[in-house]
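Structure record follows, encoded as structure tokens.
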Amino acid sequence: MSAPDPSSDARIPVTILTGFLGSGKTTVLNRLLRQSSLAGAAVIVNEFGAVGLDHLLIEASEEQFTLLDNGCVCCTVRGDLVATLKELDRRSRAGETPPLSQVIIETTGLADPAPILHTLMAGAELTARFRIGGVVTTVDAVNGAATLHRHPEAAKQVAVADRLLITKTDLVSNEALGGLQHRLDHLAPAVEQTVARNGEIELDLLKSLPADAAADVNRIAARLEAADHHDHECGPDCHHGHDHHRDTHHGIRSFSFIIDKPVEWAAFARWLDYVAALKGEDLLRFKGIVRTTDEPEQPLVLHGVQHVFHPPARLDRWPSADRRTRLVFIVRDVERETIARTLVKFAAIDAASIAAPALAAA
């Protein structure tokens with residue numbers, strides 16, 4: 001039986017944008033949203049941890065954007081995803097929002113896309129209005145090979161992809177890039193690999209997904225079975241635990257710091273260097289928005305993955321009313337208290353100015 005023709009399918013396509021921690025999903029999403037063809041698209045972002053930051057940096061209108069931050073969409077908030085899709089459809093039909101042309105779901109870096117695909121295929125109410133448009137998986141060229149070796153989630157994200165987008169390729173040699181591409185060929189045979197250079201991607205990435213991307217239920221089932229097989233192929237250091245707590249997932253922990261007072265940048269930068277050197281291997285993801293003493297109304301945005309910290313980017317203004325420094329760590333086998341002590345000692349931050357994460361503004 002042949003797959004249905006998506007060009008004659010009036011249902012709303014749902015594209016899943018996935019990829020491991022720090023592989024550049026939010027950057028890719030922002031670049032895609034600049035397309036005029038995505039003016040009618042809705043964006044659903046799932047963040048991991050008590051304090052989210054990525055949603056503040058996504059260039060989408062309020063009516064276009066939905067945040068799922070109560071857990072991981074592949075396990076604890078699948079019901080929230082279903083409810084969100086139904087509500088997006090209802091508002092569009094009622095004329096409360098522009099006609100809904102497409103939905104893009106950005107998963108957490110730890111999400112297994114397979115349960116999300118099952119959710120989109122299983123419910124009659126959803127399948128009557130929505131279809132799977134495809135899975136785009138971002139892969140970090142710097143850390144991708146080691147990540148695939150240690151984390152089965154990353155291998156699954158690759159195995160179910162309709163398109164692989166390799167990011168940060170300007171930071172690696174051609175030999176290293178070739179080795180990673182060979183590994184990806186093994187995990188996802190015949191899946192096209194797109195290389196992003198210096199952060200630039202082809203802006204018609206979603207349009208250029210395979211014509212039958214995820215259209216055939218039997219084909220999806222075969223991919224999910226293959227992904228389950230790859231789940232058992234990672235190396236001896238990989239983690240298979242699956243914890244559904246909001247700040248703990250798949251054996252990996254997240255914690256956050258909120259700093260009330262502006263920080264002195266030179267000391268803070270030295271602290272970043274220290275943390276990267278001391279805990280880089282287990283620092284799976286670091287992100288922050290920082291209020292500095294020299295430019296308190298123009299925050300610095302920070303991103304780091306393991307030993308690699310990107311140059312800070314200064315925003316023209318704060319993206320929300322909350323003007324406190326917020327730091328988010330996603331780590332393996334690193335205690336929050338350890339990082340807190342280094343903040344006080346090396347970043348010259350008064351311990352009394354570090355607020356409890358529960359006080360963070362939504």
query: What is the minimum heavy-atom distance between Ala141 and Ile166, and which atoms define it?
result: CB-CG2, 3.9 Å

query: If we ignore angles and hydrogens, is there a donor and acceptor under 3.5 Å between the side chains of Thr15 and Gln102?
result: yes

field: Donor-acceptor contact present, side-chain Glu335 to main-chain Glu337, <3.5 Å
entry: no

- prompt: Does any N or O in the side chain of Arg163 come within less than 3.5 Å of the main-chain N or O of Val191, such that one atom is a donor and the other an acceptor?
  reply: no

task: Let me know which of Ile12, Asp89, Leu120 forms a side chain to side chain contact (heavy atoms under 4.5 Å, CB included) with Val103.
output: Ile12

query: So, His149 and Arg183: side-chain donor and acceptor under 3.5 Å apart, yes or no?
result: no

- request: Dump the intermediate steps for side-chain contact (heavy atoms from CB on, under 4.5 Å) on Glu153 and Phe20, then the final yes or no.
  value: CA-CA 8 Å; Glu153 300 86 6; Phe20 202 71; 4.3 Å; yes

- prompt: Sub-3.5 Å donor-acceptor pair from the side chain of Asp282 to the main-chain atoms of Asp333, do we have one?
  reply: no

task: Answer yes or no: is there a side-chain heavy-atom contact under 4.5 Å between Thr292 and Val290?
output: yes

query: Got a donor-acceptor contact below 3.5 angstrom from the Ser92 side chain to the Leu88 backbone?
result: no

query: Is the closest basic N to carboxylate O distance between Arg90 and Glu87 below 4.0 Å?
result: yes

query: Has the side chain of Ser23 got a donor or acceptor atom that lies under 3.5 Å from a matching backbone atom of Val139?
result: no

Qualifying side-chain hydrogen bond (donor to acceptor under 3.5 Å, both in side chains) pairs, either residue in residues 265-278, two or more places apart: Trp271-Thr342

- request: Please work out which of the three classes, parallel, tilted or perpendicular, describes the rings of Phe286 and Phe329, given edges at 30° and 60°.
  value: tilted

- prompt: Are any side-chain N or O atoms of Arg150 and backbone N or O atoms of Ala145, one a donor and one an acceptor, separated by less than 3.5 Å?
  reply: no

- prompt: Closest heavy-atom contact between Gly133 and Pro13?
  reply: CA-CB, 4.1 Å

query: Do Thr18 and Thr107 meet the criterion of a side-chain donor-acceptor pair at a distance under 3.5 Å?
result: yes

- prompt: Is the Lys NZ or Arg CZ of Arg336 less than 6.0 Å from the centre of Phe257's six-membered ring, within 45° of the axis?
  reply: yes

message: For a quick test of reading the model, state the closest non-hydrogen atom pair linking Thr167 to Asp140 and the distance between them.
response: OG1-CA, 3.6 Å

query: Under the salt bridge (Lys or Arg N to Asp or Glu O under 4.0 Å) rule, what pairs show up with a residue in residues 302-320, not counting sequence neighbours?
result: Asp294-Arg314

Heavy-atom closest pair, residues Leu32 and Leu38: O-CD1, 3.1 Å

Ionic contact status for Lys25 with Glu106, cut-off 4.0 Å: no

query: Thr137 side chain to Gln157 main-chain N or O, any donor-acceptor pair under 3.5 Å?
result: yes

task: Flag yes if more than 12 heavy atoms outside Gln298 fall under 6.0 Å of its CD atom; otherwise flag no.
output: yes

statement: For Arg326 and Asp322 the tightest heavy-atom approach is NH2-O, 2.8 Å

- request: Give the intermediate values and the outcome of side-chain contact (heavy atoms from CB on, under 4.5 Å) for residues Arg129 and Lys86.
  value: CA-CA 9 Å; Arg129 290 291 296 153; Lys86 290 181 179 178; over 6 Å; no

- prompt: Taking it one step at a time, do Leu343 and Ile354 satisfy side-chain contact (heavy atoms from CB on, under 4.5 Å)?
  reply: CA-CA 9 Å; Leu343 266 173; Ile354 303 177; 4.3 Å; yes

query: Do Leu302 and Leu272 have side-chain heavy atoms sitting under 4.5 Å apart?
result: yes

